[in-house]
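What follows is a single structure, written as structure tokens, with notes after it.
We count ligands from 1, going down the list as the structure has it; atoms in each ligand are counted the same way. Predicted, not measured: the structure shown is a model, and the values here were computed from it.
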Amino acid sequence: MPAEYPTLLPREPVVTAAEMRAAEAAAVAAGTSGFELMCRAGEAAAAGIAAFYGPAPVLVLAGPGNNGGDGYVVANALRQRRWPVEVAALAPPATEAAQQAAALWNAPVMDIADAEPRFVLVDALFGTGLTRGLEEPLLSQFHALARASSVVIALDLPSGAATGDGTALSPLVRADLTVTFGAMKPSHLLHPAAASCGRVVVADIGLGEIETRLFRNGAAPTAVLGADTHKYRRGHVLVVSGAMAGAAWLAACAAQRAGAGYVTLASETAMPPSSLVVQPLGAIDLARADAVVLGSGLGRDAAARTRARRVLGAGRPMVLDADIFSLFADDPASVFGLGAVMTPHEGEFARLFGDLPGSKVDRARAAAARSGNVIVLKGPDTVIAAPDGRAVINDHASARLATAGSGDVLSGMIAAHLARGEAPFDAACAAVWRHGDAALRGRDGLIAEDLVGLIR
Ligand SMILES: NC(=O)C1=CN([C@@H]2O[C@H](COP(=O)(O)OP(=O)(O)OC[C@H]3O[C@@H](n4cnc5c(N)ncnc54)[C@H](O)[C@@H]3O)[C@@H](O)[C@H]2O)[C@@H](O)CC1
Ligand SMILES: [K+]
């Protein structure tokens, strides 16, 4: 990689419930009690709540497990800060640590059926130990109390959210703030659960670095250009156009704006004069392309298939998108094992990989392993997975990206990163972040052409 492009910045780990339990068990084995961890969690949550909201009447809803235990610690800590606090419990605390926490509270606890709404509702019903959705009458009581509160704060997770896959096991109350412990869990980033977390704050409870292969996408590093750089050193991107010239043109412009020094559009259609180099595919020396976008605007006819085969054979770093997934749905082996970046949305993904089991992260990982390519499984919670099991969830994005051509823009951006010599996984992560960042700086009514102009 040219020296002027730094490697990726450190990313936030995202851990599963099992990884979290293992970290907790390791801490306990090393001499920290479960109750001590709970005290750290509850104290940190109370500090977080006090940082966001002034002293106000609070109702804490405590479940039977350790999430409920955290709730008792929060109640005690806010009471010490002179907030008026009440606690309502679903059932008596069932774990030793939660019993110790309830003893700390040492004040009346009412039944949830008797609770009155207060300004702040703290949801300490269930966390990572949830095994099934909330049942009636609790579900209705919880939602009614939340509707009548001004602020809802979830401890660890909104109760009813599964930890690992973003699913809602029962309808979720939308929290304003979720204070989680040790590290983010997949459901803080995967939809639909992520949409009910509000702002997510991670409280350090002293578990140290938790071993994981899943991360939250972080900001792409800024390229620092040396005075001696030149356009080819910044990377030569080739976009192969076909029946849908507009899509390929968007990808090419996005590659330019994302930093490629030289962009060629392989097209037999005349284009308006611009800084893009437009040439028929037959006239292009494919070996000179540092990265290729294949699929955006390619078309799905026989000519597209012929063009695709020719370009695939050149063995250049590649982004495979859009029409490629239809063209090779019956022959996926032709696009596997290339070390390329594939950028399907859910529909295209299903066409190529069928109905894989598990969470979005599991499915993207399985597809990456099967295809030998980096998979960018697009959506509000885009997952990027590498064949070796590394995965990243991107939440730095905007629903404004749901517009025609936004995928073509992303393909061009990934190609610009590949063309500078970045590894496929790093290139995909950086481009996905910058793509989302551009949309966040956009406005309602954003179209793909605007997005190109907003790339930073
Ligand atoms: N793992 C860790 O490192 C730490 C965990 N802590 C807290 O502990 C939580 C996990 O605690 P637990 O494992 O005790 O689990 P939870 O407190 O999430 O819930 C488990 C309890 O709820 C019951 N339950 C599950 N789903 C139910 C449903 N739908 N209806 C009724 N009952 C249901 C279970 O039978 C069990 O009694 C975390 O979310 C976090 O808040 C913190 O105390 C600090 C450290
Ligand atoms: K909760």
Legend entry - Note, V237 side chain near D290 side chain (heavy atom, < 4.5 Å): no

Legend entry - Selection from E19, R21, E24 by shortest heavy-atom distance to atom 3 (O) of ligand 1: E24

Legend entry - Ligand-side contact atoms (ligand 1) for residue partner T131, heavy atom cut-off under 4.0 Å: 25 (C), 26 (N)

Legend entry - Closer than 4.0 Å: a protein non-hydrogen atom to atom 36 (C) of ligand 1: no

Inset, instruction - Please could you name the atoms of ligand 1 that I205 approaches to less than 4.0 Å, counting only its heavy atoms? - result: 44 (C), 45 (C)

Legend entry - Check: S170 side chain, G133 main-chain N or O, donor-acceptor pair, under 3.5 Å: no

Inset, instruction - Could you tell me whether R199 and D176 make a salt bridge, using a distance below 4.0 angstrom between a side-chain N and a carboxylate O? - result: no

Legend entry - Minimum-distance protein heavy atom relative to atom 32 (N) of ligand 1: F126 CE2, 3.3 Å

Legend entry - N373 side chain to A340 backbone, donor-acceptor under 3.5 Å: yes

Legend entry - Gap between atom NE2 of H143 and atom CG of L134 - 0.5 Å precision: 7.5 Å

Inset, instruction - Look only at the side chain of S140 and the backbone of P137, and say whether a donor-acceptor pair between them is shorter than 3.5 Å. - result: no

Inset, instruction - Do me a favour and list the nearest non-hydrogen protein atom to atom 9 (C) of ligand 1 with residue, atom name and distance? - result: N67 N, 3.6 Å

Legend entry - For L130, atoms of ligand 1 separated by under 4.0 Å from a heavy atom: 18 (O), 25 (C), 26 (N), 29 (N)

Inset, instruction - Do me a favour and list the nearest non-hydrogen protein atom to atom 12 (P) of ligand 1 with residue, atom name and distance? - result: N66 N, 3.8 Å

Inset, instruction - Just let me know how L169 lines up against ligand 1, side chain, backbone, both or neither, with a heavy-atom cut-off below 4.0 Å. - result: neither

Legend entry - Part of A94 with heavy atoms under 4.0 Å of ligand 1, whether side chain, backbone, both or neither: neither

Inset, instruction - Could you pull out, from A22, G129, G133, G63, the option with a heavy atom nearest to atom 13 (O) of ligand 1? - result: G129

Inset, instruction - Go through ligand 1 atom by atom and flag the ones less than 4.0 Å from a non-hydrogen atom of D70. - result: 6 (N), 7 (C), 40 (C), 41 (O), 42 (C), 43 (O)

Legend entry - Donor-acceptor contact present, side-chain R300 to main-chain L327, <3.5 Å: no

Legend entry - For atom 39 (O) of ligand 1, closest protein heavy-atom neighbour: D156 OD2, 2.5 Å

Inset, instruction - Taking H435 for its side chain and S406 for its backbone only, find out whether a donor-acceptor pair lies under 3.5 Å. - result: yes

Inset, instruction - Please report which non-hydrogen protein atom sits nearest to atom 10 (C) of ligand 1, along with the residue it belongs to and the distance in Å to one decimal place. - result: T128 OG1, 3.2 Å

Inset, instruction - Scan side-chain atoms only and decide if D165 and S359 contain a donor-acceptor pair under the 3.5 Å cut-off. - result: no

Inset, instruction - Check for a donor-acceptor pair, side chain of R257 on one end and backbone N or O of L454 on the other, with a separation under 3.5 Å. - result: no

Legend entry - Any donor-acceptor pair under 3.5 Å from D388 side chain to R390 backbone: yes

Inset, instruction - For the pair R79 and E86, find out whether any cationic side-chain nitrogen is under 4.0 Å from an anionic carboxylate oxygen. - result: no

Inset, instruction - State if G69 counts as touching ligand 1 under the rule of any non-hydrogen atom under 4.0 Å. - result: no

Inset, instruction - Around atom 29 (N) of ligand 1, find the nearest protein heavy atom and jot down its residue, atom name and distance. - result: R132 O, 2.7 Å

Legend entry - Atom indices of ligand 1, in the order listed, that fall short of 4.0 Å to a heavy atom of G127: 16 (P), 18 (O), 39 (O)

Legend entry - Residue and atom, protein N/O/S, under 3.4 Å of the K ion (ligand 2): N67 OD1, D123 O, D123 OD1, F126 O, L155 O, L157 O, S159 OG

Inset, instruction - Decide whether T180 and K185 meet the rule of one side-chain donor and one side-chain acceptor closer than 3.5 Å. - result: yes

Inset, instruction - Please determine if R420 and D426 form a salt bridge, counting it only when a charged side-chain N lies under 4.0 Å from a carboxylate O. - result: no

